[in-house]
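We number each residue from 1, following the sequence as shown.
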Amino acid sequence: MKNFTHKIPTRFVFGRGAEKQVGAEIKALGGTRVLIHYGGGSAVRSGLIDRVETSIREAGLYSVTLGGAQPNPRDTKVYEGIALIRREHIDFVLAVGGGSAIDSAKAMAHGSQYDGDFWDFFCGKAKPEASLPIGCVLTMSAAGSESSNSCVITQESTKTKRGLGSEFNRPVLAIMNPELAMTVPPYQIACGATDILAHIMERYFTIDTDVDLTDRLCEAAMAAVIRAARIAVKNPSDYDAQAQLMWGSTIAHNNTLSVGRESDFGSHQIEHELSAKYDVPHGAGLAVVFPAWMRFHMPNHVMRFAQYAVRVWGCQMNFEHPEETAMLGIEAHEAFLREIGMPTTLKELGAKTEDIPFLAAHTKKNNPAGFTGMCYPMTVADIEAMYRIADR
């Protein structure tokens with residue numbers, strides 16, 4: 001196990017009716033003037049925004065609202081939010097929604113405290129040195145943005161999607177009521193579950209040894225998410241399934257499962273090109289990328305993939321031919337994705353074969369050596385070959 005430093009400053013308020021406490025919680029954290037950032041009209045129609053505003057008002061705080069957060073959050077909305085924060089002298093940014101609203105809120109909070117263009121943070125020209133405190137009222141289990149140190153924004157003019165890792169990204173407050181996720185359509189629940197699993201798998205498929213504790217934590221979390229997803233897709237009103245998914249999304253991406261080990265995150269970089277170009281849900285893109293990524297890398301890391309097959313999917317270990325066991329695990333993962341309604345090929349996603357060279361060439365290199373993938377480094381040619389596995 002590697003040395004590590006791990007800190008999660010987020011205060012979690014979890015359970016039925018939790019959103020009614022948001023005003024008091026923000027006040028306790030020192031907020032006085034709050035920007036409420038949310039997505040579409042459903043948050044208004046459901047009465048959620050009204051409940052949030054009422055709670056903030058009853059706590060004696062001031063608030064303004066900014067709707068319009070979109071999937072694959074856009075830089076244009078971030079610029080709008082930064083201007084509003086400065087104009088209204090906001091000192092606390094509250095996102096109401098899923099990962100898209102939260103990531104937009106993070107970028108707004110950083111950008112409002114920076115003299116330059118906030119996009120500098122996402123293209124590597126600068127690093128955040130200050131930010132406003134960020135909170136969220138979570139309505140969808142997926143991205144894990146409610147306590148992660150990551151944020152992803154799309155530059156609309158160039159269709160470039162880039163992430164930012166920074167401790168400033170970690171919200172100080174996460175209000176989590178699983179009931180709020182019950183209105184999410186089954187397809188979006190499935191996309192969210194796929195994203196949660198991918199966050200765990202990016203950590204699980206490490207090349208580090210002697211990490212049995214976090215291996216087994218990852219395996220248990222994946223098994224719980226798989227079980228809950230099967231229930232929630234069929235019955236979104238199942239509180240316990242929604243609760244498992246909501247807490248699963250949180251621990252999947254706040255580094256609890258990756259302490260002492262290297263994570264990869266090549267698959268996420270590869271998928272970002274798909275969702276940037278075609279504006280598809282991030283989870284749907286991961287459903288296509290991850291099985292292809294596993295098939296590409298399995299021959300060189302057979303025992304890690306065989307362990308995944310046995311411990312997560314209950315496959316029988318073939319000690320003479322472990323590669324057969326490893327492939328059974330990949331097939332089980334892909335079958336689960338199809339079961340919950342996810343695409344598993346580029347064609348099902350609506351991506352085009354002729355775009356593969358472009359997608360591969362534009363994938364971000366997150367490896368210091370200039371490759372994509374920290375544990376399983378990939379060249380542009382490797383990524384193109386992986387895309388062709390998914391192009392069937």
Side-chain angles (χ1 to χ4, degrees), residues 10-71 73-74 77-78 80-85 87-109 112 132-143 145-147 171-185 188-189 192 232 236-239 242-243 245-246 249-250:
T10 310
R11 175 175 171 82
F12 301 102
V13 181
F14 191 102
R16 291 183 171 92
E19 67 275 14
K20 297 176 183 178
Q21 302 178 50
V22 65
E25 293 289 341
I26 292 174
K27 185 175 183 179
L29 290 165
T32 62
R33 298 178 67 85
V34 184
L35 169 64
I36 303 170
H37 179 49
Y38 63 95
S42 61
V44 176
R45 291 191 299 272
S46 68
L48 176 58
I49 296 300
D50 182 63
R51 294 197 300 276
V52 169
E53 288 185 295
T54 298
S55 178
I56 290 173
R57 184 172 58 253
E58 289 177 347
L61 311 181
Y62 171 82
S63 68
V64 294
T65 59
L66 175 63
Q70 300 179 39
R74 315 297 206 267
K77 183 58 64 174
V78 174
E80 186 179 348
I82 290 171
L84 183 57
I85 287 170
R87 186 167 63 250
E88 294 287 341
H89 305 289
I90 297 299
D91 59 18
F92 195 98
V93 182
L94 179 72
V96 179
S100 297
I102 301 171
D103 280 7
S104 287
K106 290 178 180 182
M108 292 172 190
S112 68
L132 293 177
I134 306 154
C136 64
V137 177
L138 189 64
T139 64
M140 180 177 177
S141 307
S145 294
E146 58 272 12
S147 66
V172 297
L173 174 67
I175 303 292
M176 304 172 67
N177 177 1
E179 293 174 316
L180 300 180
M182 291 179 181
T183 59
V184 175
Q188 293 300 328
I189 293 174
S237 296
D238 189 299
Y239 179 87
Q242 294 286 10
L245 288 176
M246 187 165 278
S249 77
T250 301

Colleague: How close do F92 and G135 get, heavy atom to heavy atom, and via which atoms?
Modeller: CE2-N, 3.6 Å
Colleague: Take V22 and V96, measure what side-chain contact (heavy atoms from CB on, under 4.5 Å) needs, and give me the verdict at the end.
Modeller: CA-CA 11 Å; V22 65; V96 179; over 6 Å; no
Colleague: Do S55 side-chain atoms and R51 backbone N/O form a donor-acceptor pair below 3.5 Å?
Modeller: no
Colleague: When you measure from the side chain of S249 to the backbone of A143, do you find a donor-acceptor pair of N or O atoms at a distance under 3.5 Å?
Modeller: no
Colleague: Please enumerate all residues that pass side-chain hydrogen bond (donor to acceptor under 3.5 Å, both in side chains) together with T250, with sequence neighbours excluded.
Modeller: E146
Colleague: Can you give me the closest heavy-atom contact between A43 and Y38, atom names plus distance?
Modeller: CB-CD1, 4.3 Å
Colleague: Taking everything shown except R11 itself, do over 12 heavy atoms lie less than 6.0 Å from its CZ?
Modeller: no
Colleague: Are any side-chain N or O atoms of N177 and backbone N or O atoms of E19, one a donor and one an acceptor, separated by less than 3.5 Å?
Modeller: no
Colleague: Step by step, work out the side-chain contact (heavy atoms from CB on, under 4.5 Å) result for I175 and L94.
Modeller: CA-CA 10 Å; I175 303 292; L94 179 72; 5.7 Å; no
Colleague: If you take all heavy atoms of G15 and Y239, which pair is closest and at what distance?
Modeller: CA-OH, 3.7 Å
Colleague: Could you pull out all residues at least two apart from R16 that satisfy salt bridge (charged side-chain N to carboxylate O under 4.0 Å, His left out)?
Modeller: E179
Colleague: I want to check something: taking the side chain as every heavy atom from C-beta on, are T54 and E58 in contact at a cut-off of under 4.5 Å?
Modeller: yes
Colleague: I56 and S63: which non-hydrogen atoms are nearest, and at how many Å?
Modeller: CG2-CB, 4.0 Å
Colleague: To the nearest 0.5 Å, tell me how far I26 CD1 sits from I36 CD1.
Modeller: 7.5 Å
Colleague: Kindly compute the distance separating OG (S237) from CD (Q242), expressed to the nearest 0.5 Å.
Modeller: 8.0 Å
Colleague: Determine the sole option in H37, K106, M108 for which the side chain to side chain contact (heavy atoms under 4.5 Å, CB included) test with I134 is passed.
Modeller: K106
Colleague: Could you walk me through whether L35 and E88 pass the side-chain contact (heavy atoms from CB on, under 4.5 Å) check?
Modeller: CA-CA 9 Å; L35 169 64; E88 294 287 341; over 6 Å; no
Colleague: L173 vs V13, test: side-chain contact (heavy atoms from CB on, under 4.5 Å). Steps then yes/no.
Modeller: CA-CA 8 Å; L173 174 67; V13 181; 4.2 Å; yes
Colleague: With rounding to the nearest 0.5 angstrom, report the OH to CG distance, Y62 to D91.
Modeller: 11.5 Å
Colleague: Give a yes or no on whether the backbone of A101 and the side-chain of S104 come within a donor-acceptor separation of less than 3.5 Å.
Modeller: no
Colleague: So which atom in S147 and which in T10 form the shortest heavy-atom distance, rounded to 0.1 Å?
Modeller: CB-OG1, 3.5 Å
Colleague: If you measure from CD1 on I85 to CZ on R33, what distance do you get to the nearest 0.5 Å?
Modeller: 12.5 Å
Colleague: Do the non-hydrogen side-chain atoms of K77 and Q70 ever get within less than 4.5 Å of each other?
Modeller: no
Colleague: Which atoms form the tightest heavy-atom contact between D103 and P73, and what is the distance?
Modeller: CB-CG, 4.1 Å
Colleague: Side-chain contact test, heavy atoms from C-beta onward, threshold under 4.5 Å: evaluate it for S112 versus I90 and give yes or no.
Modeller: no
Colleague: In the structure I gave you, are the side-chain heavy atoms of S46 and T183 within less than 4.5 Å of one another anywhere?
Modeller: no
Colleague: Calculate, to the nearest 0.5 Å, the distance between atoms CG and CD belonging to L61 and E53 respectively.
Modeller: 12.5 Å
Colleague: Find the distance between OG1 (T139) and CE (M176) and round it off to the nearest 0.5 Å.
Modeller: 11.5 Å
